[in-house]
Amino acid sequence: MLVVEPDRRSGARLAQLLREDGFDVEMVVDGSAALRRLDERPLFDVLVTELYVPHVDGLTVARKAIDTRRGMATILLTGHPQHASAHASLLCPPALVVTKPVDVDALARAIHALLEAPSGP
Amino acid sequence: MIGRVHSKETLTQELLRYVRFSSEDAARIVRFRERATPYFPKIARDFYDRIREHEAAHDVFTGEEQIARLQASMVRWLERLFGGVYDEAYFAQTERIGKVHVVVGLPQRYMVTAMSGIRTSLEQLARAHAPEESADLVDSLARLLDVELTVMLESYQRHLAERIERATDVERQALRLRAARAEHRYEGAVELARVIVVGIDRAGHVVLFNREAERVTGYARDEVLGLSFVEVLAPEDLRSTYAAAFDAASPEDATLPLLTRSKKIRYVTWQLARPEGGVDDDVVLFVIGQDVTEERAARQRQEQQERLAAVGTLAAGLAHEIRNPLNGAQLHISFLERALAKGGASSDAVEAVHVVRDEIRRLARLVTDFLDFARPRPLKLAPTTAQGVTERARQLVQSQAETANVELVLDIPDAEIPFEADAERLGQVLLNLLQNAIEAAGDEAAGGGHVVLRARREPRHVRIEVEDDGPGLPPGNAPVFDAFFSTKPTGTGLGLAIVHRIVTDHGGAVDVESRPGMTRFQVTLPLEH
């Protein structure tokens with residue numbers, strides 16, 4: 001999975017914890033880096049991104065991710081859940097909105113659930 | 001006919017008797033008729049020619065046609081004069097001539113002088129054409145003409161008096177009508193105006209109380225007329241303020257609370273006006289008021305909304321700024337937790353990390369609750385049912401109730417209770433109340449507490465209650481609905497404030513009743529908006 005988190009230390013810690021939970025995680029700190037990485041291989045199964053990221057916002061990153069892989073699971077991390085929900089519902093499939101502070105165990109369970117669920121058309 | 005019985009004779013009979021006009025006089029005149037008749041048109045012509053020499057008399061004529069008509073009627077009159085029968089019917093016609101003169105506005109003096117002219121013409125006629133008895137004939141004619149003139153004048157006077165009387169009557173009626181109309185207009189204006197109009201006399205007593213005053217105060221006018229305005233309608237702590245305002249030499253406008261019949265407060269913007277030239281026992285002060293209670297409440301709501309919107313914007317920005325550092329803290333604590341668990345750290349160290357984790361969660365919840373409370377959100381009203389909202393709320397707390405060993409009882413009637421609400425926000429109300437109740441009931445009973453979720457339909461409201469058998473709220477009037485008031489060590493103090501906010505946004509009310517072993521929150525919402 002790809003984690004996009006502008007706070008480098010938090011992002012790195014999140015990536016580390018998710019790796020401990022068995023996920024294969026890459027991490028970038030801004031939107032343009034995320035877009036560049038999404039153009040490359042291997043493709044990701046899951047995108048976890050903050051809604052507000054430098055250069056290109058998290059929503060654009062999520063759209064790009066879904067473009068590269070139809071039905072990719074996307075998760076928006078945010079301090080503004082209401083605002084994020086409105087945007088998340090515009091995506092197809094809709095992004096999952098997770099309010100910060102993130103409970104890693106709950107996030108890992110949610111990712112597993114998304115991966116197991118049948119993906120959209 | 002000349003009668004001798006005086007007691008029942010008419011005015012004309014009396015007059016004829018007075019001038020000693022007998023049947024011989026009448027016969028004498030009739031005898032002369034045939035010879036006189038051919039000269040009647042000339043007499044009439046001369047008569048009107050003479051009248052036309054007088055301006056005031058001439059003024060009453062409207063034209064030659066009218067004069068021709070008048071001449072013809074004069075000829076008829078002369079023929080009548082020579083008719084020989086001088087009874088009531090005859091003099092009734094004479095009277096009509098007097099009346100006509102009133103109607104056309106011919107001054108009385110011309111009747112006298114004109115009659116004198118006619119007399120002269122007839123005398124000349126008699127001397128020329130009845131020399132054998134001209135002296136007697138002239139005398140008979142003179143007496144008949146005297147009676148004729150008297151009857152005319154009498155009639156003229158009577159009809160003129162009637163006319164004057166009638167004119168005054170009409171004028172009086174017009175005046176009365178005008179006064180009635182003016183009164184009706186003012187009364188209508190005062191009664192129908194959507195402003196309170198109260199008249200106060202010198203003693204401060206109500207002497208005028210219009211319909212709007214009745215509507216706003218709830219008092220019928222009969223209940224307040226004659227009573228002191230200040231004592232009846234001013235709230236106790238404002239009586240002196242009202243009294244001072246009424247006594248002021250130049251009263252100023254002011255918005256003051258008014259006490260209604262049901263002891264409720266209405267806010268009224270008063271305008272005080274002193275009428276000029278008042279009579280002692282009449283209105284010395286008009287107290288004119290506009291009920292601004294609703295506008296005032298709306299303005300306050302608006303101001304509060306604006307304040308909350310500002311706070312909401314600020315809070316949303318702050319939330320983002322707080323949640324990100326919290327996120328960092330939480331992630332690092334999770335890492336520490338795992339590291340300590342792996343390394344077999346002391347229970348004190350693990351405990352310390354847990355405390356930090358819980359505190360972070362508490363801060364996160366505070367941010368969420370505060371945003372919920374502060375962020376103004378327009379209600380999305382839609383038809384829903386009490387059954388629907390209570391069932392959804394039950395599902396959300398079912399597992400929490402089971403964990404706390406609390407039995408959740410639904411007391412909902414079978415008959416659907418439809419009403420309008422923002423189901424999502426109302427769901428939050430019930431969730432907050434149920435979570436509190438489950439915590440309270442769970443606290444108390446190791447053997448298991450009870451929480452009842454109840455719904456009832458009232459005539460215009462739906463009542464939803466959440467009742468628990470926990471220890472109850474602290475005694476006294478704890479401000480449980482105030483923000484940041486909490487009885488729970490880990491509470492944010494915003495749960496019930498949010499409940500209160502959402503319920504009042506719906507135009508409803510929330511109340512609480514509590515004693516040890518029973519706490520009941522009661523939410524009342526209107527069925528329709």
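Residue numbers start from 1 in every chain, and the chains themselves are labelled A, B, ... in the order their sequence lines are given, proteins ahead of strands.
Applying the 6.0 Å contact sphere to CD of Glu528(B) captures no more than 12 heavy atoms from other residues, nucleotides or ligands. In Glu424(B), the CD atom is not crowded: 12 or fewer heavy atoms of neighbouring residues, nucleotides or ligands sit closer than 6.0 Å.
To the nearest 0.5 angstrom, His332(B) atom NE2 is 4.5 Å from Arg13(A) atom CZ. Rounding to the nearest 0.5 Å places OG1 of Thr99(A) at 12.0 Å from CG of Leu326(B). Taking CD1 of Ile333(B) as the reference point, atom CG of Asp103(A) lies at 13.0 Å (rounded to 0.5 Å). Separation of atoms NZ (Lys100(A)) and CD1 (Ile322(B)) is listed at 14.0 Å; rounding is to 0.5 Å.
Contact annotation for residues 41-59 of chain A against chain B (heavy-atom separation below 4.5 Å, listed by residue number): Glu50(A), Tyr52(A). Using non-hydrogen atoms only and a strict 4.5 Å limit, the part of residues 19-32 of chain A facing chain B consists of Glu20(A), Asp21(A).
Taking the ring pair (Phe, Tyr, Trp, His ring centres under 6.0 Å) definition, one finds that His500(B) meets it with Phe481(B), sequence neighbours left out. Scored by the ring pair (Phe, Tyr, Trp, His ring centres under 6.0 Å) test, His461(B) finds no partners at all (sequence neighbours excluded).
Under a 3.5 Å cut-off, the side chain of Asn327(B) and the backbone N or O of Val102(A) do form a donor-acceptor pair.
Between chain B and the residues Leu77(A), Thr78(A), Leu17(A), Leu14(A), the most heavy-atom pairs under 4.5 angstrom are made by Leu17(A).
In this structure, the side chains of Asp105(A) and Arg338(B) come closer than 4.5 Å at one or more pairs of heavy atoms. Residues Val104(A) and Gln330(B) form no side-chain contact, since every pair of their non-hydrogen atoms from C-beta on lies 4.5 Å or further apart. Side-chain atoms of Arg323(B) and Pro81(A), non-hydrogen and from C-beta on, do get closer than 4.5 Å to each other.
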Go through it in stages, so that I can follow the logic: the residues are Asn324(B) and Asp7(A), the test is side-chain contact (heavy atoms from CB on, under 4.5 Å), and I'd like the CA-CA distance, side-chain angles, deciding distance and then a yes or no.
CA-CA 8 Å; Asn324(B) 272 305; Asp7(A) 180 342; 5.8 Å; no
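Residues Gly328(B) and Ser10(A) share a closest heavy-atom pair of CA-OG, 3.1 Å. In this structure, Pro101(A) and Ala364(B) approach most closely via the heavy-atom pair CD-CB, 3.5 Å.
Of the atoms belonging to Arg361(B), it is side-chain heavy atoms, and not backbone ones, that fall under 4.5 Å from chain A.
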